[in-house]
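Some notes on the structure that comes next.
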Amino acid sequence: MDISDLVPRQVPRIETRYRRIVTPIPVPESIPILQKLRRCEPRSMSGQPPVIWDRAEGVCVYDRWGNKWLDFSSGVLVTNAGHGHPKIREAIVRQVEHGLLHNYCFPSEIRARLVEALAQRAPEPCKKVFLLTTGAETCECAIKLSRTWGLKIGGKQKITIVSFHNAFHGRTLGAQMIGGIPRLKEWIVNFDKDMVQVPFPDGFRCRDTSFELFERSLAELGVRPENVCAVITETYQGGDSSFAPPEYIQELRRWCERYQALLVFDEVQAAFGRTGKYWGFEHYGVVPDLICCGKGITSSLPLSAVIGRPDVMDLYPPGSMTSTHTGNPVCCAAALANLEIIDEEGLVDHARQMGEILQPALRQLRKEFPDHIGTVHGKGLVASLHIVKPGGIEPDPELARRIVWRAVERGIMLFAPVGYMASSVKIAPPLPIREDAIQEGVAALREAIAEAIAEHSEALAQVGAVGK
């Protein structure tokens with residue numbers, strides 16, 4: 001089954017506080033728009049459920065034909081403050097009406113206000129801020145800073161960057177080279193031999209969560225610790241919502257200090273309250289040397305940032321680390337409003353409280369479907385259901401796709417499966433979500449899983465019958 005199939009399907013009518021489905025899915029009238037997108041965009045853009053987003057507000061997404069979805073995606077973990085927050089919209093309009101829409105690297109007051117606000121929120125010694133546009137850009141910047149740091153303190157040998165299996169750091173070349181997802185690297189012919197990956201201690205696909213595994217893996221790869229300039233890790237692995245044990249990361253922090261390697265946290269998905277902490281790395285009780293962040297930084301417009309130690313961030317002379325759209329004034333206005341909302345509305349603690357409802361509810365789904373949900377990982381308001389084939393941990397991407405599509409038909413907005421072999425169903429609602437919405441969403445997800453399993457089992461049985 002292709003979840004992006006453009007054949008409308010009759011689905012049950014739904015009318016609740018958070019969901020409304022009143023048409024076939026996909027909506028017949030939406031087909032020409034979807035076809036236009038397929039005709040004019042690359043095939044890679046057609047992987048999401050074929051729902052034409054028209055507007056979004058709070059925790060809900062709407063099309064123009066009367067349908068309404070409870071958003072369990074946050075538009076791929078962007079809308080931390082909720083969709084279309086009035087204060088963010090007002091800040092954007094105010095900046096547009098003020099008349100400054102772009103200023104390259106020329107100084108502006110609004111950029112000064114934003115970098116100061118981010119520096120104030122970051123822990124010591126991360127007090128310098130470089131604004132960019134996307135999360136992948138921040139990882140590219142971290143790669144360059146790390147290698148420049150290594151060359152400065154250790155010479156041409158100190159350029160090795162260590163990252164982790166199954167990691168996702170973006171879709172630009174450098175970000176994919178430090179990434180650890182094989183299917184995203186098949187086209188890379190000349191690998192950088194000084195970018196290496198080691199197992200991520202998630203406790204599910206990698207049962208060994210000891211730090212000895214890290215050191216042993218480097219030795220097996222022929223990496224000398226003194227030649228490592230940086231270790232970069234997602235705070236939690238983006239696709240699978242997997243965290244490492246705190247003691248592992250604490251030992252990694254000490255290892256980096258011992259060998260003068262930078263510790264870089266990719267917080268693009270994790271920062272600004274998503275995990276129930278302001279910064280996701282707070283769960284580990286350590287502070288990195290560089291922080292990569294984006295997505296939830298504005299809850300809307302494209303903006304990202306690298307935040308780090310002054311001695312690392314100031315490695316380059318004036319004019320040599322810049323970006324055309326760095327600190328775009330309109331994006332800065334959105335970010336400043338977003339940061340204020342997160343503070344004023346107590347969204348970090350709210351995400352923690354709602355996570356204490358969401359996470360047990362999802363773990364209950366695993367108990368109900370133990371043959372198909374291998375584990376549930378996550379903290380706060382991010383989680384992944386690891387969908388597996390019965391009898392083990394082998395991923396089942398086809399079942400994961402069916403679950404996503406059946407959920408969308410029930411008014412739960414999810415994006416296509418991600419993570420290991422694209423077999424994880426990711427749940428990440430906007431942070432203002434309330435308990436009744438979580439309960440309604442999980443109940444609908446339960447129905448979607450049951451139907452998807454029944455369909456999947458029937459399809460496999462038919463394939464088996466044909467094979468005989």
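Since the model is a prediction, treat every value here as computed from it, not as a measurement.
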Who pairs with E251 by side chain to side chain donor-acceptor pair (under 3.5 Å), at least two apart in sequence or on another chain?
-> R254

Which side-chain hydrogen bond (donor to acceptor under 3.5 Å, both in side chains) pairs, counting each pair once, include a residue from residues 291-300, with sequence neighbours left out?
-> S299-N338

By salt bridge (Lys or Arg N to Asp or Glu O under 4.0 Å), R121 pairs with (sequence neighbours left out) D343

Validation: residues 417-425 side-chain donor-acceptor distances under 3.5 Å, sequence neighbours left out:
| from | atom 1 | to | atom 2 | distance (Å) |
| --- | --- | --- | --- | --- |
| S423 | OG | Y420 | O | 2.5 |
| S424 | OG | D240 | OD1 | 2.6 |

Non-neighbouring partners of Y62 that pass ring pair (Phe, Tyr, Trp, His ring centres under 6.0 Å), sequence neighbours left out = none

Can you name the salt bridge (Lys or Arg N to Asp or Glu O under 4.0 Å) partners of E57, sequence neighbours left out?
-> R55

What residues, two or more places apart in sequence or in another chain, satisfy side-chain contact (heavy atoms from CB on, under 4.5 Å) together with L221?
-> V196, V198, V223

Residue set satisfying salt bridge (Lys or Arg N to Asp or Glu O under 4.0 Å) with K389, at least two apart, ordered chain then number -> E394

State which residues pass side-chain contact (heavy atoms from CB on, under 4.5 Å) with E220; sequence neighbours excluded, sorted by chain then number.
-> R216

For R9, salt bridge (Lys or Arg N to Asp or Glu O under 4.0 Å) partners two or more places apart = E409, E451, E455

Results of side-chain contact (heavy atoms from CB on, under 4.5 Å) for D63 - residues two or more places apart only = V27, W65, N67, W69

The side-chain contact (heavy atoms from CB on, under 4.5 Å) partners of E282 (sequence neighbours excluded) come to K277, Y278, W279

